Amino acid sequence: MKFTSVTIIVGTTNEKESLITTVNTIMDTCNADDIDKILLVKSKDASDNCNSAIALLEEKYQGKVYSLEQTRPFVGGAIRDGFDTVTSSHTMLLPSDLAISLDCVSRMIQAVKEKPEVISKTSRWLNKDSFHDYNPSRKVLNRAAQIFLRILYSTRLTDFTSPVQTAPTQAYRESAWQELNFPFLLEMVLVPLRLGYRFEEIPVSCHEREEGFSRNSALQTALYLKTALRVRFTKKSKLTKES
């Protein structure tokens, strides 16, 4: 396996300034030759501010930044729509709300250039004091979830619930995805893990969003458990698409 370039998929619905900052930072800090495209996947009801930001970025970075209106429903559907367009050797998922430190982008690209068969994954738990302005009760629940999943999957991964990672495109192409809503964010970590892909984590800082709003809910978060158990106890042959 060889690294040729990466497609960066950024989902967006109601962000403007944070989306602009995200794309500008990527283009300012990364080698443009390493990036096949930055794909801004927007919902059908994306806000006017969001659409104006997308238009500005497409104009500013012609040939690098593209938009795609999702056809599948929900956040997982948007990401899967993005997966369908990828032709580069590697694929990265990135939020548009500045939820994690953007220096991870260049670090993940460098990691997969050196080890193209390994998934480079971010972790909010590798370093102390990585959570900033984060709800304390959510942090406690998140930590408990990481411990549970680490035991369930017999792995040393420290952050399963952040899907910000850069993987060989083949890992996503061969996976038989089932989720469409927020549990997909967990599924896209767990399925490649079960299929035997190696992961290496890099530390990142985590921040609460300052713009827009999340469409996640307590119910969707609770459904992560169902997804975790399903993927863990499904035969590996059932986790891949039929050839």
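Source: prediction; values computed, not measured. The chain is numbered in sequence order, starting from 1. Values below: all heavy atoms of this structure, side chains included; hydrogens, waters and symmetry mates excluded.
- Rounding to the nearest 0.5 Å places CD1 of Ile9 at 6.0 Å from OG1 of Thr85.
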Determine, stepwise, if the pair Arg194 / Lys236 fulfils side chain to side chain contact (heavy atoms under 4.5 Å, CB included). CA-CA 7 Å; Arg194 284 274 285 130; Lys236 290 183 182 179; 3.6 Å; yes

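- In this model, a donor atom of one side chain and an acceptor atom of the other lie less than 3.5 Å apart for Thr158 and Glu201.
- Judged purely by atom type and a 3.5 angstrom limit, Ser130 has no side-chain atom pairing as donor or acceptor with the backbone of Cys206.
- In this structure, the side chain of Lys121 engages the main chain of Ser162 through a donor-acceptor pair within 3.5 Å.
- With rounding to the nearest 0.5 Å, the separation of CG in Asn51 from CG in Asn14 is 11.0 Å.
- Between Ser52 and Lys16, the closest heavy-atom pair is OG-CE, 4.0 Å.
- Apart from Met1 itself, the hydrophobic cluster it occupies contains nothing, where clustering links Ile, Leu, Val, Met, Phe, Trp and Tyr at side-chain heavy-atom distances under 4.5 Å.
- Interatomic distance, NZ of Lys60 versus CD1 of Ile20, reported as 8.5 Å (0.5 Å rounding).
- The minimum heavy-atom distance between His90 and Val112, with the atom names listed, is CD2-CB, 3.9 Å.
- The aromatic rings of Phe160 and Tyr153 sit tilted, their planes meeting at an angle between 30° and 60°.
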Decide yes or no on side chain to side chain contact (heavy atoms under 4.5 Å, CB included) for Ile26 and Leu94, but give the supporting numbers first. CA-CA 11 Å; Ile26 293 171; Leu94 198 66; 3.6 Å; yes

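- Taken to the nearest 0.5 Å, the OG1 atom of Thr22 stands 13.5 Å off from the CE atom of Met27.
- Considering every non-hydrogen atom in both Pro168 and Pro116, the closest pair reads CG-O, 3.4 Å.
- The closest side-chain donor-acceptor pair between Thr227 and Glu179 falls under 3.5 angstrom.
- In terms of hydrophobic clustering, with Ile, Leu, Val, Met, Phe, Trp and Tyr side chains grouped at heavy-atom distances under 4.5 Å, Trp125 and Leu186 are assigned to different clusters.
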Phe184 vs Leu180, test: side chain to side chain contact (heavy atoms under 4.5 Å, CB included). Steps then yes/no. CA-CA 6 Å; Phe184 177 76; Leu180 285 170; over 6 Å; no

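- Within a 6.0 Å radius of NZ in Lys44, more than 12 heavy atoms belonging to other residues, nucleotides or ligands are found.
- Side-chain contact annotation: Glu15 with Thr12, donor-acceptor N/O pair under 3.5 Å present.
- Side chains of Asp81 and Thr71: a donor on one and an acceptor on the other come within 3.5 Å.
- The salt bridge (charged side-chain N to carboxylate O under 4.0 Å, His left out) test applied to Lys226 returns no partner, not counting sequence neighbours.
- The shortest side-chain heavy-atom distance between Leu57 and Ile38 does not fall under the 4.5 Å cut-off.
- Listed here is the closest heavy atom pair of Ser96 and Gly11: OG-O, 2.8 Å.
- A side-chain N or O of Thr91 and one of Thr169 form a donor-acceptor pair less than 3.5 Å apart.
- Of the candidates Arg107, Lys115, Arg156, Glu200 forms a salt bridge (charged side-chain N to carboxylate O under 4.0 Å, His left out) with just one, namely Lys115.
- You'll find the side chain of Leu93 stays beyond 4.5 Å of the side chain of Val164, heavy atoms only.
- Lys64 contributes a side-chain N or O that, together with a main-chain N or O of Ile35, makes up a donor-acceptor pair within less than 3.5 Å.
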Steps toward salt bridge (Lys or Arg N to Asp or Glu O under 4.0 Å) verdict (Arg143, Asp159): CA-CA 9 Å; Arg143 183 169 183 80; Asp159 197 345; over 6 Å; no

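- Hydrophobic clustering (ILVMFWY, side-chain heavy atoms < 4.5 Å, transitive): Val41 and Phe74 are in distinct clusters.
- Remark: Arg150 is not positioned above the aromatic ring of Phe148, lacking an NZ or CZ atom under 6.0 angstrom from the ring centre and at most 45 degrees off the axis.
- Side-chain contact between Val140 and Pro136 is absent, with no heavy atoms from C-beta onward closer than 4.5 Å.
- When hydrophobic clusters are built by joining Ile, Leu, Val, Met, Phe, Trp and Tyr residues whose side-chain heavy atoms come closer than 4.5 Å, directly or via intermediates, Leu185 is not grouped with Leu141.
- In this structure, the side chains of Asp36 and Val6 stay at 4.5 Å or more apart for every pair of heavy atoms.
- The main-chain N or O of Arg72 is never found under 3.5 Å from a side-chain atom of Arg80 such that the two would form a donor-acceptor pair.
- Counting only N and O atoms by type, the side chains of Gln110 and Glu114 include a donor and acceptor under 3.5 Å apart.
- Residues Val231 and Ile151 do not share a hydrophobic cluster, defined by chaining ILVMFWY side chains whose heavy atoms lie under 4.5 Å apart.
- Residue pairs that meet the ring-ring contact (aromatic ring centres under 6.0 Å, His included) test with at least one member in residues 51-73, sequence neighbours left out, do not exist here.
- Judged by distance alone, the side chain of Ser175 and the main-chain N or O of Ala171 form a donor-acceptor pair under 3.5 Å.
- Side-chain contact, Gln146 with Thr161: a donor N or O sits under 3.5 Å from an acceptor N or O.
- Tyr224 places a side-chain N or O within 3.5 Å of a backbone atom of Phe182 that can act as its donor or acceptor partner.
- The side-chain heavy atoms of Gln70 and Lys42, taken from C-beta on, include no pair separated by under 4.5 Å.
- In this structure, the separation between CE on Met188 and CD1 on Ile119 is 8.5 Å, given to the nearest 0.5 Å.
- In this structure, a donor-acceptor pair under 3.5 Å is absent between the side chains of Ser88 and Ser5.
- Closest non-hydrogen pair, Ile100 versus Cys104, comes out as CD1-SG, 3.5 Å.
- For the residue pair Ser47/Asn49, the side-chain donor-acceptor check at 3.5 Å is not satisfied.
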What verdict does the side chain to side chain contact (heavy atoms under 4.5 Å, CB included) test give for Ile202 and Leu126, after you've listed the backbone C-alpha separation in whole Å, the side-chain angles of each residue and the deciding distance to 0.1 Å? CA-CA 7 Å; Ile202 62 173; Leu126 281 177; 5.6 Å; no

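- Linking ILVMFWY residues whenever their side-chain heavy atoms come closer than 4.5 Å, directly or via other members, leaves Leu152 and Ile147 in distinct clusters.
- Atom CG of Asn127 is surrounded by more than 12 heavy atoms from other residues, nucleotides or ligands within 6.0 Å.
- Residues Tyr197 and Phe199 approach most closely at O-CD1, 3.5 Å, considering heavy atoms.
- Between His132 and His207, the angle of the ring planes stays under 30°, which puts this pair in the parallel group of the 30/60° scheme.
- Ser101 contributes no side-chain N or O that, together with a main-chain N or O of Asp103, makes up a donor-acceptor pair within less than 3.5 Å.
- At distances below 3.5 Å, not a single donor-acceptor pair connects side-chain atoms of Asn181 with backbone N or O atoms of Pro183.
- Between the CD atom in Glu174 and the CH2 atom in Trp177 there is a gap of 9.0 Å [rounded to 0.5 Å].
- Without hydrogens or angle criteria, Ser67 side chain to Leu40 main chain gives no donor-acceptor distance under 3.5 Å.
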